[in-house]
Number of protein chains: 2
Amino acid sequence: MIDSVTFAKAIADDTRQKIMHSLCCEWMCVSDVVDRLNKQMADGITQPTVSHHLSILRDAGLVDTRREGKQIFYTLNQEVVALCCGQIMQLFAPEKV
Amino acid sequence: MIDSVTFAKAIADDTRQKIMHSLCCEWMCVSDVVDRLNKQMADGITQPTVSHHLSILRDAGLVDTRREGKQIFYTLNQEVVALCCGQIMQLFAPEKV
DNA sequence: CTTACATATAGACATTCATCTATGTGTTCG
DNA sequence: CGAACACATAGATGAATGTCTATATGTAAG
């Protein structure tokens, strides 16, 4: 299981949080993520940058991946996110495990 | 209230997580935090570095502060931590607020 | 008032990181 | 096979960050 520092680092970026939020309820291919980000962010973002962020999230186990033809779809692994949040709350709770 | 990116950045460091864990159940002065960290970390850590981390946590509203004579005591604000964790879980949950 | 102690701040330095452009890899279609 | 498309990777660059040493600030004691 991903440790709490790795999780925190993974979500400690505005762009990655926006990507995660986009992927929280659906599968999206990379170019669609790029388009959505460019609609909500003032400064544009390039496809390689999005790919880089997705690889960080994938390495952390926070997103799942599926290829469909030329496209690759990503979605947020909500179970892992929930587990990590719980892990952090326990880390800083009065009664530690 | 602190935003989710600020919170994530604040906890995205191993030393700060150790400090937060030390402060989760008690008030501690800076030198005691330094001592405790130097017991659990392989590489030593200096007092200015701990002070720096504490200021980051204080600016984020994650710790409370109290002066007692020459010493300054810190403790983790668990309510804020819990709220931030909840905020993140909601951000990435299927049904957004 | 001066000294000692606890903590904070300043400045320097090395490392990490987010981003870009350019290019490579893999897949589909004619 | 070769062109077109979607995505990943490589390398460069500037900004942010964690750490240190040196020093300043604030408080108590003699």
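Protein chains get the first letters and strands the later ones, always in sequence-line order, with residue 1 at the start of each. Quick note: numbers below take in every heavy atom, side chains included, and nothing from hydrogens, waters or symmetry partners. Everything quoted here is computed from the prediction, not taken from an experiment.
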- Message: Assess the residue pair B:Lys18 and B:Asp14 against the criterion (salt bridge (Lys or Arg N to Asp or Glu O under 4.0 Å)); give the C-alpha distance rounded to whole Å, side-chain angles, the decisive distance to 0.1 Å, and a yes or no.
- Response: CA-CA 6 Å; B:Lys18 283 187 169 61; B:Asp14 182 56; 2.9 Å; yes
- salt bridge (Lys or Arg N to Asp or Glu O under 4.0 Å) partners for A:Arg66, two or more places apart: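 So A:Arg66 forms a salt bridge (Lys or Arg N to Asp or Glu O under 4.0 Å) with A:Glu68.
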- Taking only residues two or more places apart in sequence, or in another chain, which ones meet B:Arg16 in a salt bridge (Lys or Arg N to Asp or Glu O under 4.0 Å)?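 With neighbours one apart ignored, the set is empty.
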- Task: Considering just the side-chain nitrogens and oxygens of A:Thr46, establish if one lies under 4.0 Å of OP1 or OP2 belonging to C:dC20.
- Result: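 Checking C:dC20 against A:Thr46, a side-chain N or O does come within under 4.0 Å of OP1 or OP2.
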- Query: Contact class for A:Thr15 (heavy atom, under 4.0 Å): base, sugar-phosphate, or nothing?
  - Reply: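 Contact class for A:Thr15: sugar-phosphate only.
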- What is the nucleic acid contact for B:Tyr74, judged by heavy atoms within less than 4.0 Å: base, sugar-phosphate only, or nothing?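 If one applies the 4.0 Å heavy-atom cut-off, B:Tyr74 turns out to touch the sugar-phosphate alone, with no base involved.
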- Message: So for A:Gln47 and D:dA8, does any side-chain atom that can act as donor or acceptor lie under 3.5 Å from a complementary atom in the base?
- Response: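 Per atom types, the contact qualifies.
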I need the [atom1]-[atom2] distance between [X] and [N], as an integer number of Å.
| X | N | atom1 | atom2 | value |
| --- | --- | --- | --- | --- |
| A:Leu37 | D:dC7 | CG | C1' | 15 Å |
| B:Phe73 | C:dA6 | CZ | P | 11 Å |
| B:Trp27 | C:dT7 | CH2 | P | 14 Å |
| A:Ile45 | C:dC20 | CD1 | P | 6 Å |
| B:Lys18 | D:dT19 | NZ | C1' | 16 Å |
| A:Ile72 | C:dT28 | CD1 | P | 11 Å |
| A:Ile19 | C:dA18 | CD1 | C1' | 11 Å |
| A:Leu54 | C:dA18 | CG | C1' | 14 Å |

- Message: Looking only at side-chain N and O atoms, does A:Gln47 offer a donor or acceptor that is under 3.5 Å from a partner on A:Ser31?
- Response: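 On atom types as modelled, these side chains do not qualify, holding no pair under 3.5 Å.
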- Item | Donor on one side chain, acceptor on other, B:Glu26 and B:Thr75, under 3.5 Å |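 No - no donor-acceptor pair under 3.5 Å links their side chains.
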- Task: Return the 5'-most residue of the pair B:Arg67, A:Lys9 with respect to DNA chain C, ranking by each residue's nearest nucleotide.
- Result: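 The residue whose closest nucleotide sits nearer the 5' end is B:Arg67.
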- Message: Return whichever of A:Lys70 or A:His52 has its heavy-atom-nearest nucleotide of DNA chain C closer to the 5' end.
- Response: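 Between the two, 5'-proximity favours A:His52.
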- Message: On DNA chain D, does the nearest nucleotide to B:His53 precede the nearest nucleotide to A:Ser31 from the 5' side, or the other way round? Give the residue.
- Response: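 Final value for this comparison: A:Ser31.
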- Query: In terms of side-chain heavy atoms of B:Ile56, which of D:dA8, D:dG18, C:dA8 is nearest?
  - Reply: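 Of the candidates, D:dG18 comes closest.
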- Item | Side chain of A:Thr49 (C-beta onward), nearest among D:dG18, D:dT9, C:dT19 |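 From the listed options, C:dT19 comes nearest.
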